[in-house]
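For reference, the structure is listed below as structure tokens.
Throughout, a chain's letter reflects where its sequence line sits, starting with A, and its residues are numbered from 1.
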Number of protein chains: 2
Amino acid sequence: MDGKIVNLKSKLEIYKAMTAGANFADCPVRDVINGINGKWSPLLVMALAEKPYRFGELRRLVPDISQRMLTQTLHELQRDGYVHREVFPTKPPSVEYSLTDLGRSMFVPLCHLVQWAELNHDAVREARAAFDARM
Amino acid sequence: MDGKIVNLKSKLEIYKAMTAGANFADCPVRDVINGINGKWSPLLVMALAEKPYRFGELRRLVPDISQRMLTQTLHELQRDGYVHREVFPTKPPSVEYSLTDLGRSMFVPLCHLVQWAELNHDAVREARAAFDARM
DNA sequence: TGTTGGCAGTCTCGAAAAGAGACCAGCACT
DNA sequence: AGTGCTGGTCTCTTTTCGAGACTGCCAACA
């Protein structure tokens with residue numbers, strides 16, 4: 001199961017980086033990707049890429065996220081260094097979330113993926129419809 | 001230093017496309033992204049981008065995926081038009097999975113994201129360690 | 001004075017999804 | 001006759017997710 005995958009160069013290296021590790025800690029790509037590809041993470045990064053937002057603003061912006069998931073996802077994004085959390089000691093203390101430099105640099109490739117998604121949405125929907133029709 | 005990297009109109013339109021929709025069906029980007037960002041989808045797409053694989057090969061290639069999840073993820077990828085499934089009537093019938101043109105075109109931006117992940121893995125791990133140390 | 005409402009969350013509980021592993025039919029090799 | 005390989009499905013358990021109630025603080029309103 002080891003000798004058959006030795007054909008390409010750059011792609012193979014990436015591929016090996018994703019699969020070679022015996023576990024998660026040894027695989028940088030899966031480690032990082034799994035932090036990004038949560039259900040709400042890309043959405044929040046896209047939102048914060050536009051401008052910083054407060055907790056309640058984000059909640060109103062993404063109506064179908066629960067507070068629990070918003071708190072948790074922001075916490076994870078903060079932990080991984082994508083998001084900066086700042087508390088302002090106003091009368092009711094307000095909390096502002098903004099993208100760090102790391103977050104902004106991650107936003108670039110993410111944005112490409114999102115652009116692809118926009119362009120190819122119709123193709124995907126068609127494929128889906130054709131597939132469902134055959135079943 | 002404020003979000004000036006992002007003040008292009010195209011990006012704002014994408015952002016609006018992600019957040020404006022009242023529900024999922026109206027938001028093309030979320031619809032497509034949610035099909036890509038599963039736990040195993042990117043990994044399998046990366047693997048199949050190298051060359052077509054059979055079911056058992058994929059299973060051995062990604063040792064920590066369960067058959068159940070492999071079947072299900074491949075099925076979803078096929079439904080969305082990224083993956084082609086072909087059955088060969090050999091003695092024990094073998095099934096080969098390969099990327100479609102749509103899958104290959106999606107692989108391009110995905111690959112950028114993966115490359116970013118590879119490059120910035122250390123930064124993310126450092127941020128994570130620093131964050132955990134403070135708690 | 002009591003009430004209401006906004007802020008940023010936390011807590012709990014039921015539902016949905018993921019993971020582990022048994023099981024299936026058919027065929028080849030020993 | 002037993003073992004192993006093919007590509008899966010079925011069931012059971014654990015993990016995660018989602019909805020909504022609840023907290024503490026303060027300000028405005030009646």
Side-chain angles (χ1 to χ4, degrees), chain A residues 1-4 19 21-24 27 30-31 33-44 47-48 52-80 83-98 131 135, chain B residues 22-24 27 30 33-44 47-48 52-80 83-98 131 134-135:
Chain A
M1 68 182 179
D2 44 349
K4 55 180 54 175
T19 59
N23 48 24
F24 267 73
C27 178
R30 282 171 71 174
D31 190 30
I33 291 288
N34 274 319
I36 296 170
N37 76 355
K39 178 168 182 182
W40 301 106
S41 313
L43 195 59
L44 293 178
L48 293 174
Y53 278 107
R54 305 224 319 258
F55 187 88
E57 291 177 313
L58 285 171
R59 199 157 64 83
R60 281 185 293 275
L61 217 54
V62 186
D64 52 347
I65 195 176
S66 60
Q67 283 124 315
R68 188 184 167 279
M69 276 296 102
L70 183 54
T71 304
Q72 186 176 311
T73 307
L74 286 171
H75 189 84
E76 288 167 6
L77 290 173
Q78 186 196 356
R79 190 175 102 100
D80 285 4
V83 157
H84 174 69
R85 178 179 183 273
E86 187 156 14
V87 183
F88 294 100
T90 50
K91 315 106 190 199
S94 62
V95 180
E96 190 180 87
Y97 292 91
S98 57
F131 185 86
M135 299 315 267
Chain B
N23 49 23
F24 267 73
C27 179
R30 282 170 72 175
I33 291 288
N34 275 318
I36 297 169
N37 75 354
K39 179 168 184 183
W40 301 106
S41 312
L43 195 60
L44 293 178
L48 293 175
Y53 277 109
R54 307 227 316 260
F55 187 89
E57 290 177 315
L58 286 170
R59 198 158 65 82
R60 282 186 293 274
L61 219 53
V62 186
D64 54 346
I65 195 175
S66 59
Q67 285 120 315
R68 188 184 166 280
M69 275 297 102
L70 182 54
T71 305
Q72 186 176 312
T73 307
L74 286 171
H75 188 84
E76 288 167 8
L77 291 174
Q78 186 195 356
R79 190 175 103 99
D80 284 4
V83 158
H84 174 70
R85 177 178 184 273
E86 187 155 12
V87 183
F88 293 100
T90 51
K91 316 103 189 197
S94 62
V95 180
E96 190 180 88
Y97 292 90
S98 57
F131 184 87
R134 252 186 289 110
M135 297 314 268

By side-chain contact (heavy atoms from CB on, under 4.5 Å), A:S41 pairs with (sequence neighbours left out) A:T73, A:L77
Value for CD (A:E57) from OH (A:Y97), rounded to nearest 0.5 Å, stands at 12.0 Å
- [ ] Report which part of the nucleic acid A:R54 touches: base, sugar-phosphate, or nothing (heavy-atom distance under 4.0 Å, all strands).
- [x] sugar-phosphate
A:L70 atom CG is separated from C:dC7 atom P, nearest whole Å, by 13 Å
Tested for side chain to side chain contact (heavy atoms under 4.5 Å, CB included) against B:W40, the lone hit among B:L58, B:L74, B:D64, B:L70 is B:D64
Taking only nitrogen or oxygen atoms into account, show me every contact under 3.5 Å that the protein makes with nucleotides 10-13 of chain C, one pair per line with its distance.
none

Contacts of A:T71 meeting side-chain contact (heavy atoms from CB on, under 4.5 Å) (sequence neighbours excluded), chain-then-number -> A:F55
Counted 5' to 3', the first and last nucleotides of DNA chain D within 4.0 Å (strictly under) of a heavy-atom of chain B are D:dT6 to D:dT11
Distance col, row B:N34:CG vs A:K39:NZ, nearest 0.5 angstrom, shows 6.5 Å
note: B:E76, atom CD; C:dA18, atom P; distance rounded to Å ~ 7 Å
Taken in chain and number order and not counting sequence neighbours, the residues that satisfy side chain to side chain donor-acceptor pair (under 3.5 Å) with A:R68 are none
From CD1 of A:I65 across to P of C:dA8 the rounded distance in Å is 15 Å
5'-most contact on DNA chain C (nearest-nucleotide basis), A:V87 vs A:P92, goes to A:P92
Residue set satisfying side-chain contact (heavy atoms from CB on, under 4.5 Å) with A:S98, at least two apart, ordered chain then number -> A:P52, A:H84
Taken to the nearest whole Å, CG/B:N37 to P/C:dA17 is 14 Å
To the nearest angstrom, the CG-P distance between B:N34 and C:dA17 comes to 12 Å
Establish, with yes or no, whether the OP1 or OP2 oxygen of C:dA17 is under 4.0 angstrom from a side-chain nitrogen or oxygen of B:K39. no
Note to self: Please confirm whether the shortest side-chain N or O distance from B:W40 to OP1 or OP2 of C:dG19 is below 4.0 Å.
What the structure shows: yes
Residues A:I36 and A:P42: closest non-hydrogen pair is O-CD, 3.5 Å
query = Just checking A:F88: base, sugar-phosphate only, or nothing, at a heavy-atom cut-off of under 4.0 Å?
reply = nothing
CG of B:L44 to CE of B:M69, rounded to nearest 0.5 Å, is 11.0 Å
